[in-house]
Q: 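Sharing a structure with you now.
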Amino acid sequence: MTAMEHDVQPAGGADDTPLLKARGLVKRYGHLSALDGADFDLLRGEILAVIGDNGAGKSTLIKILSGAIAPDEGTVELDGRPVRFNSPIDARRVGIETVYQDLAVAPALAVADNLFLGRELRRPGVLGSVFRLLDKKRMIEESRAHMAELKIGIRSMKQLVETLSGGQRQGVAVARSAAFAHHLVIMDEPTAALGVKETGMVLDLIRQVRDRGLSVILISHNMPNVFEVADRVHIQRLGRRVAVIKPHEFTMSDAVAIMTGAMAGERVTDEKIGDAG
């Protein structure tokens, strides 16, 4: 363990025991190595941003952690126990939810229908077990509670998602993930293509998810957003983790310099950054 990793203290109510931990992840595509011995640590109750230049391997890293692909080498532990995901469904079963950049919402369906998409509630008794009737009243009530908890301002749970603004649609996707996540939520570029006001709303949602006790992995190219909400920042370069920094100890320019290799160990003290590779 490096000096940087040993000295990092959690923020936002986290403790120092990794909730999700990966070591030595390798993923090859023919002669190309997308990951070359990558490590990863997500603390409990924190927002961890993952940044990196194009080709740094951050997308591959997140796909492994969310179950979209399997690593060729390396280990992943959740809550101290080894896990191996063969699909995103495996990750969802253990309480890992992902909000994808394209939202994966059904515009023609109502808000409540989207929140329970693929996990619909059935009516009690024979009506649900035999006739497979949906318990729409309960889904609407629970959807309203989830939206209220995250302070998402949508008038009716019967409203079609296609009538919502971009920020509200992102809110539906976030609420769905937060409702079913037991451990963490992965957010892939959640503010992409949003205006300033809606971006602020989504950043507030990310904080609220964290404040509910869930850990959040935030993948973003928007450095101001990262520095506004992240407790720590995982920096990926050339298929490996090169640093984990705290936003209040570094500038955005520092983060970019580390990400591109312009700033290395000789320019940043080991106590603050170290060599996580």
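Quantities reported herein were computed from a predicted structural model and do not represent experimental measurements.
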Q: Assess whether salt bridge (Lys or Arg N to Asp or Glu O under 4.0 Å) is satisfied between Asp231 and Arg207, documenting all intermediate values.
A: CA-CA 10 Å; Asp231 297 313; Arg207 295 187 189 96; over 6 Å; no
Q: Hey, does Arg44 have a side-chain heavy atom less than 4.5 Å from the side chain of Asp79?
A: yes
Q: Return yes if some donor-acceptor pair links the side-chain N/O of His183 with the main-chain N/O of Leu78 below 3.5 Å, else return no.
A: no
Q: Is the backbone of Gly24 close enough, under 3.5 Å, to the side chain of Asp39 for a donor and an acceptor to pair up by distance?
A: yes
Q: Under 3.5 Å, is there a donor-acceptor pair between the Asp36 and Ser33 side chains?
A: no
Q: Would one find more than 12 heavy atoms of other residues, nucleotides or ligands at under 6.0 Å from atom CD1 of Ile89?
A: no
Q: How many angstroms lie between atom CD1 of Ile154 and atom CE of Met147, to the nearest 0.5 angstrom?
A: 4.0 Å
Q: Using 0.5 Å steps for rounding, measure from the CD atom of Glu77 to the CG atom of Leu19.
A: 11.5 Å
Q: For the pair Arg176 and Phe116, evaluate side-chain contact (heavy atoms from CB on, under 4.5 Å) and give the outcome as yes or no after the intermediate values.
A: CA-CA 7 Å; Arg176 180 176 63 193; Phe116 286 92; over 6 Å; no
Q: Do Glu198 side-chain atoms and Gly167 backbone N/O form a donor-acceptor pair below 3.5 Å?
A: yes
Q: Closest heavy-atom contact between Gln168 and Ser165?
A: OE1-N, 3.0 Å
Q: Where do Phe85 and Ile64 come nearest, in terms of heavy atoms and distance?
A: CD1-O, 3.9 Å
Q: Can you name the salt bridge (charged side-chain N to carboxylate O under 4.0 Å, His left out) partners of Glu73, sequence neighbours left out?
A: Arg28
Q: Given side-chain contact (heavy atoms from CB on, under 4.5 Å), test Leu25 with Val76 step by step and report yes or no.
A: CA-CA 8 Å; Leu25 293 180; Val76 178; 4.0 Å; yes
Q: I'd like to know if the side chain of Asp254 and the backbone of Phe250 have a donor-acceptor N/O pair within less than 3.5 Å.
A: no
Q: Mind checking whether Pro82 and Thr75 have side chains closer than 4.5 Å, heavy atoms only?
A: no
Q: Only one of Val226, Val50, Asp188, Val229 clears side chain to side chain contact (heavy atoms under 4.5 Å, CB included) with Ser220; which?
A: Val226
Q: How long is the straight-line distance from CD of Glu120 back to NZ of Lys136, given to the nearest 0.5 Å?
A: 10.0 Å
Q: Strictly distance-based, threshold 3.5 Å: is any side-chain N or O of Thr60 a donor or acceptor partner for the main-chain N or O of Leu35?
A: no
Q: Given the rule in the side-chain contact (heavy atoms from CB on, under 4.5 Å) test, do Leu134 and Arg122 qualify, once you have shown the distances and angles that lead to the verdict?
A: CA-CA 4 Å; Leu134 299 182; Arg122 302 289 176 181; 3.2 Å; yes
Q: Is Arg119 close enough and on-axis enough to Phe180, meaning under 6.0 Å and within 45°, for cation-pi?
A: yes
Q: For Thr251 and Val256: C-alpha separation, side-chain torsions, deciding distance, then whether side-chain contact (heavy atoms from CB on, under 4.5 Å) applies.
A: CA-CA 9 Å; Thr251 67; Val256 172; over 6 Å; no
Q: Between Gln159 (side chain only) and Leu164 (backbone N and O only), is there a donor and an acceptor less than 3.5 Å apart?
A: no
Q: Checking side chain to side chain contact (heavy atoms under 4.5 Å, CB included) against Ile186, which of Val216, Leu20, Ile219 comes through?
A: Ile219
Q: Main chain of Leu43, side chain of Glu46: is a donor-acceptor contact present, judged purely on distance under 3.5 Å?
A: yes
Q: Keeping the roles fixed (side chain from Thr163, backbone from Leu160), state whether a donor-acceptor pair exists under 3.5 Å.
A: yes
Q: Are Arg144 and Ser156 packed together at the side-chain level, in the sense that at least one heavy-atom pair is separated by less than 4.5 angstrom?
A: no
Q: Which atom names give the shortest non-hydrogen contact between Met259 and Met223, and what distance separates them?
A: CE-CE, 4.5 Å
Q: Please check if Leu117 and Ile140 belong to a single hydrophobic cluster, counting links between Ile, Leu, Val, Met, Phe, Trp and Tyr side chain heavy atoms closer than 4.5 Å.
A: no
Q: Begin from the C-alpha positions of Asn222 and Thr191 and carry the test side-chain hydrogen bond (donor to acceptor under 3.5 Å, both in side chains) through to its verdict.
A: CA-CA 8 Å; Asn222 191 313; Thr191 60; 4.7 Å; no
Q: Heavy atoms, side chains only, cut-off 4.5 Å: are Val233 and Val244 in contact?
A: no
Q: Using atom types as modelled and distance alone, determine if a side-chain donor or acceptor of Arg212 lies under 3.5 Å from a backbone N or O of Ala178.
A: yes
Q: At their closest point, which heavy atom of Ala106 faces which heavy atom of Val161, and how far apart are they?
A: O-CB, 3.9 Å
Q: Looking at NE2 of His234 and CZ of Phe40, how far apart are the two atoms once the value is rounded to the nearest 0.5 Å?
A: 6.5 Å
Q: Can the positive tip of Lys27 be found less than 6.0 Å from the middle of the six-membered ring of Tyr29, inside 45° of the ring normal?
A: yes
Q: Please check this pair: side chain of Asp113 against backbone of Leu109, looking for a donor-acceptor N/O pair closer than 3.5 Å.
A: no
Q: If you round to the nearest 0.5 Å, how far is OG of Ser177 from CE of Met187?
A: 7.0 Å
Q: Which value, rounded to the nearest 0.5 Å, describes the distance between Leu218 atom CG and Glu189 atom CD?
A: 8.0 Å
Q: Compare all side-chain heavy atoms of Val94 with those of His182 and state whether any distance is below 4.5 angstrom.
A: no
